[in-house]
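Being a predicted model, the structure only gives us computed values, none of them experimental.
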Amino acid sequence: MGIVSVPMPFGQFVPGDSPVHRLDPRVKLVLAAAFTVLVFAVHGWIRLAVPALLAVIALVFSGVPPRLALRGLKPVALLLLFTVAVNALRLHSSSALVSVGPLGVDASGLSTGLFFSARIVLIVVSTSLVTLTTSPVALTDALARLMSGLRVFRFPVDDVAMMFSIALRFIPTTAEEAEKITLAQTARGARFNEGGPVRRAKAWVPVLIPLFVNLFRRADDLALAMESRCYTGEGRTRLHQPHMRTVDWIILASGVAVLMAAVVL
């Protein structure tokens, strides 16, 4: 009997020693936020080529296989298709490329839909690079340090950081578990791509029920473990204290400068 290999789930940290892996997590979070602003600020395909080129450069320097970075597009595939369809479909369009009765595909609408979808693709790829090259613990610590100034307003920074840590930790675990259950049901004869919508929805019931049962069981065990250890969210210590290196400051300053220049120009 052959061994069925389960593909790496979306968001799983990929250990490595690339320049992107060694970059301080706070720098990666700030640059990812600035990159998102740039993607939404530019208009036109020529200007969108700038953030696309930056994303390709970051992907090359990260050493992460492109298939892993593009894996995050699978959950938003329906959103991308919906974005293109909403913008491309027109009623009684005089410049329709293809027409089926009164409904046609407008050329300018199709270009707009593809442009908006390209924005989503770039944002998903950039955020995937952050999670793929940064461990959940390091990402949580970086987020807590970035929000440390909010403690003045009695904002529960440590609690929010812990919630993000738990969410980031269990997203790939849940995805991996869902894929294992799907493979097990497929081996038992389940068919998820056959029949009408009702039949397909019923086919996913044997996957969703054990998945949610395991989620609630895991959440209950985690809450019990945290309570037994008297976790309060305050005074949390860290084994490794991150420090911004000179190269981190240089990359942060140059990266933000490049992104701001791209927005202005």
Side-chain angles (χ1 to χ4, degrees), residues 5-42 48-84 113-147 160-161 163-180 182 242 248 251-252 255-256 258-259 262:
S5 61
V6 179
M8 179 176 292
F10 163 65
Q12 183 72 47
F13 169 59
V14 180
D17 193 34
S18 68
V20 180
H21 281 83
R22 295 193 299 268
L23 199 62
D24 191 277
R26 289 168 290 183
V27 176
K28 286 187 271 191
L29 286 175
V30 172
L31 291 180
F35 182 83
T36 302
V37 174
L38 171 62
V39 170
F40 282 106
V42 298
L48 190 65
V50 175
L53 179 61
L54 295 176
V56 171
I57 293 175
L59 181 61
V60 171
F61 278 97
S62 68
V64 175
R67 60 181 180 84
L68 293 182
L70 297 177
R71 186 176 177 82
L73 298 177
K74 185 177 180 180
V76 298
L78 290 178
L79 177 62
L80 297 175
L81 182 62
F82 177 78
T83 302
V84 175
L114 292 175
F115 178 78
F116 290 156
S117 297
R119 280 178 167 177
I120 298 175
V121 170
L122 290 177
I123 293 174
V124 170
V125 171
S126 63
T127 53
S128 297
L129 282 179
V130 175
T131 57
L132 289 170
T133 59
T134 313
S135 66
V137 175
L139 202 58
T140 303
D141 291 341
L143 187 63
R145 286 176 173 270
L146 290 175
M147 296 190 304
V160 173
M163 287 189 293
F164 272 103
S165 175
I166 295 174
L168 291 172
R169 172 62 183 84
F170 286 108
I171 284 176
T173 303
T174 304
E176 182 180 5
E177 189 171 320
E179 291 182 352
K180 288 182 178 179
T182 302
D248 294 325
I251 293 177
L252 176 62
V256 171
V258 170
L259 294 174

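In this structure Met163 satisfies the side-chain contact (heavy atoms from CB on, under 4.5 Å) test together with Val160, sequence neighbours excluded. Under the rule for a side-chain contact (heavy atoms from CB on, under 4.5 Å), the partners of Thr182 that lie at least two apart in sequence or sit in another chain are Thr186, Phe192, Trp204, Val207. Every residue two or more places apart in sequence or in another chain that forms a side chain to side chain donor-acceptor pair (under 3.5 Å) with Ser18 is listed here: His21. Listed by chain and residue number, Leu259 satisfy the side-chain contact (heavy atoms from CB on, under 4.5 Å) test with Ala34 (two or more places apart in sequence, or in another chain). For Ser117, the side-chain contact (heavy atoms from CB on, under 4.5 Å) partners at least two apart in sequence or on another chain are Leu80, Thr83, Val84.
Other residues, nucleotides and ligands contribute only 12 or fewer heavy atoms inside 6.0 Å of the CG atom of Leu78. The environment of CZ in Phe61 is sparse: at most 12 heavy-atom neighbours from other residues, nucleotides or ligands sit within 6.0 Å.
Taking all atoms of both residues into account, the shortest heavy-atom contact from Leu252 to Leu31 is O-CD2, 4.2 Å.
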(request) Kindly indicate, with the supporting measurements, whether the criterion side chain to side chain contact (heavy atoms under 4.5 Å, CB included) is fulfilled by Leu29 and Leu139. (result) CA-CA 8 Å; Leu29 286 175; Leu139 202 58; 3.8 Å; yes
(request) Applying side chain to side chain contact (heavy atoms under 4.5 Å, CB included), run through Val64 and Val20 and close with a yes or a no. (result) CA-CA 10 Å; Val64 175; Val20 180; over 6 Å; no
(request) Would you sort out whether Val14 and Thr133 count as a side chain to side chain contact (heavy atoms under 4.5 Å, CB included), showing the intermediate values? (result) CA-CA 6 Å; Val14 180; Thr133 59; over 6 Å; no
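Judged purely by atom type and a 3.5 angstrom limit, Arg119 uses its side chain to pair as donor or acceptor with the backbone of Val42. Between the side chain of Thr127 and the backbone N or O of Val124, at least one donor-acceptor pair lies under 3.5 Å.
The side chain to side chain contact (heavy atoms under 4.5 Å, CB included) with Phe35 is formed by just one residue from the set Val125, Leu129, Leu122, Val130; it is Leu122.
For the atom pair CG (Leu48) and CG (Leu53), the distance works out to 11.5 Å, reported to the nearest 0.5 Å. With rounding to the nearest 0.5 angstrom, the CZ atom of Phe40 is 7.0 Å from the CD1 atom of Ile120. How far CG of Leu73 is from OG of Ser128: 7.0 Å, rounded to the nearest 0.5 Å. Residue Asp141 holds its CG atom at 11.5 Å from OG1 of Thr134, rounded to the nearest 0.5 Å.
Side-chain contact between Pro66 and Leu59: present, with at least one pair of heavy atoms (C-beta onward) separated by less than 4.5 Å.
Screening residues 25-39 for salt bridge (Lys or Arg N to Asp or Glu O under 4.0 Å), with sequence neighbours left out, gives Asp24-Arg26.
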